[in-house]
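None of the values given here were measured: they were computed from a predicted structure.
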Amino acid sequence: MSRLVKKSPSVCTDLPLNNTDICAKLRLLKQLVGSCFGPTGRLKHVHNNIGGHVVTTSTSAVLLAAVSSSQPLVSLIKTSILNHVSRFSDCGLFAAFLCLDLIEQTKRTALRESVAIRVNKHLLALCTTYLQQEDCGCKVKLDFCSSRHLLQLARSIISSKPACVLTEAETLHISKLAVQAFLLSIPCANPGIVSLGRTMRVSLEGYSVLHSAVFPGLLINITDDLCVSEPENLHSTPLRVVLFSASLAGDLSELGDGTIELHPGADTDSQILDELLKLGKQAVDHEVKLFMCQKVIHPVLQHFLRSQGVIVLERLGIALMEPLIQLTGAQPVATLHCAIPAKAYGIVSDVSIRQFGSKKLLHLLPSGETAICTMVLCHRNETMLSELKLVCQKTEDVLRLSLKEPFALLGGGCTETHLAAYIRHKTLREATDAASVLGCSQAEYLLGIEGFCRSLESVATTLEHSGGFSLIDLTHAHHWRHAADVMPERTETILDLCGCGLLKSSPDKKWMYLNTEHAEISPTALSRDTVMQPRVLDSFTAKLNALHVAVETANLVLDVKYIIQDVN
């Protein structure tokens, strides 16, 4: 058919960052992510304009995925940040806010976009080099001989998600469970290449968070009371297991592709049932005590197996298959048309039932070492439980990143303020030579440095959501905060610890307000034998990548000269 309406030409927007509407949308996105940042970040309710499920969160992965925009630059930034979060699980809000602030600082200073891009790349390289140095003043080496650093790292992540609505005691409890689950997922006795295990999560709504627990092995939902017959008789010896990935429902559609030829008068249902019962009899003859299937098991086969004292589990789903294979050593049987091969059997050392309120879970323990465990997460309602489950998953991912690079960065805004002070001190001494290399004037170079450093400091100031003030000490360049109702002249008496908790206030310390003019600081590194320990830590790997993503995405946006949209 011919078109009823003439096709409209594409809309071309020249120099989009000079467009008031586009800049307003970028500013709104910055305010949105900035207001969610940190332990006291504000929650967001997100829903579409035709109703549907309401999302309550302050987590970047959920928030950015739920917010939609027709503006291509907003979509570009969202996609870049979500890609980072999908790989590193943390520092999404940091990356988004820093990216948007770098763009805003460039526009505020009227610096040429091409110069800003070159300066940003140069300063990013300086930051990366400094953060990877052994004597970096904002980096902490993780000690795996103690769980202290791991607990601090986990607690920092969990406490930064206020949508979980946790008390101090609950935050500490979940942090301990996250570290415990992480350690259980690391095999200890396997020589050579180590393959990490996994943590499965079971959610229980309506119970106190303090009822949450971690168990070695797997906990599987029991859908009926007849699943286990006399479980007290199943503890004595290792129990043989068989696992099916093919459906045992007896449907013709499960037999595979191709043409089926039937003889006249053939009873296909009884023939398939006979095949199923043969499998059941073989399993009983081979002393199988646990018969499991990813899909559905025919009721007659279930009745036969249970009458023989076999535990039957069906509808396990694809998510449980891999953990079951690792736990039991069983090989999934993908057909019902041949005998079960001997190598397909697996074993478990113990089977028991655990009761959580009205919910029953079957607990499977491995016969040897296996890095599989289950975290039972409890919370008071569905929204909090959903956020808690996501945060625990992200925490495990971050702890695993620390195995590759056993470092952490100081949290609470201290890394950002320290890094900004280092960049100012490092670059101002060689401004003339660097400006010549970058092909810009010294004035432009200094403007680029100031914009970059102010963006880093803005990340630290964004942690304050109650009208308080952010300061930087003039010795170590750490971040300090005090409440809005405290007079500025009383600063020395009310400051206690810096943002990361590594430094304590002293009478001889001097502070300046962040994002104000102050003398150049040469940040002094702390002594390695300091008694104080940081209380807030950030993932080194995740934050370093987030820094790269923020700067590179900002540069990409600054480099866009035209936006062409098909409006048909």
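Between the side chains of T199 and E396, a donor-acceptor pair is found at a separation under 3.5 Å. No side-chain donor from either of S470 and E464 sits under 3.5 Å from a side-chain acceptor of the other. Under the 3.5 Å distance criterion, with hydrogens and angles disregarded, no donor-acceptor pair is assigned to the side chains of S212 and H173.
Put simply, the side chain of T106 does not reach to within 4.5 Å of the side chain of L17, judged on heavy atoms. In this structure, the side chains of K78 and S69 stay at 4.5 Å or more apart for every pair of heavy atoms. With contacts defined as side-chain heavy-atom distances shorter than 4.5 Å, the pair L547/C127 qualifies. When side chains are defined from C-beta on, L153 does not count as touching V179, because their heavy atoms never get closer than 4.5 Å.
To the nearest 0.5 Å, atoms CZ (F244) and CE (M321) are separated by 10.5 Å. How far CG of L313 is from CG of L362: 5.5 Å, rounded to the nearest 0.5 Å. Taken from CD in Q152 to CG in L150, the straight-line distance is 9.5 Å, to the nearest 0.5 Å. Note that NE2 of H47 and OG1 of T56 are 10.0 Å apart. Values are rounded to the nearest 0.5 Å.
Here the closest non-hydrogen pair linking R42 and H465 is NH2-O, 2.9 Å. Closest of all the heavy-atom pairs between A420 and E457 is CB-CG, 3.9 Å.
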Under the side-chain contact (heavy atoms from CB on, under 4.5 Å) rule, what do L403 and L196 come out as? Steps first, then yes or no, please. CA-CA 11 Å; L403 292 174; L196 295 179; 4.0 Å; yes
Give the C-alpha distance, both sets of side-chain angles, the deciding distance and a yes or no for side-chain contact (heavy atoms from CB on, under 4.5 Å) between Q294 and I318. CA-CA 7 Å; Q294 177 186 337; I318 190 65; 3.7 Å; yes
side-chain contact (heavy atoms from CB on, under 4.5 Å) between L409 and V140: does it pass, once the steps are laid out? CA-CA 6 Å; L409 291 174; V140 176; over 6 Å; no
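Within 6.0 Å of the NZ atom in K426, the count of heavy atoms belonging to other residues, nucleotides or ligands does not exceed 12. For E382, the CD atom counts as loosely surrounded, since its 6.0 Å shell holds 12 or fewer non-hydrogen atoms of other residues, nucleotides or ligands.
Classification of R424 and E450 as a salt-bridged pair holds, one side-chain N sitting under 4.0 Å from a carboxylate O. With respect to K543 and E416, a salt bridge is recorded, a charged nitrogen being found less than 4.0 Å from a carboxylate O. Salt bridge status for K394 with D90: absent, with no side-chain N to carboxylate O gap under 4.0 Å.
When atom types are taken as modelled, the side chain of S402 and the backbone of L399 share a donor-acceptor pair closer than 3.5 angstrom.
Listed by first and then second residue, the salt bridge (Lys or Arg N to Asp or Glu O under 4.0 Å) pairs that reach into residues 157-183 are R155-E168, E170-R380, sequence neighbours excluded.
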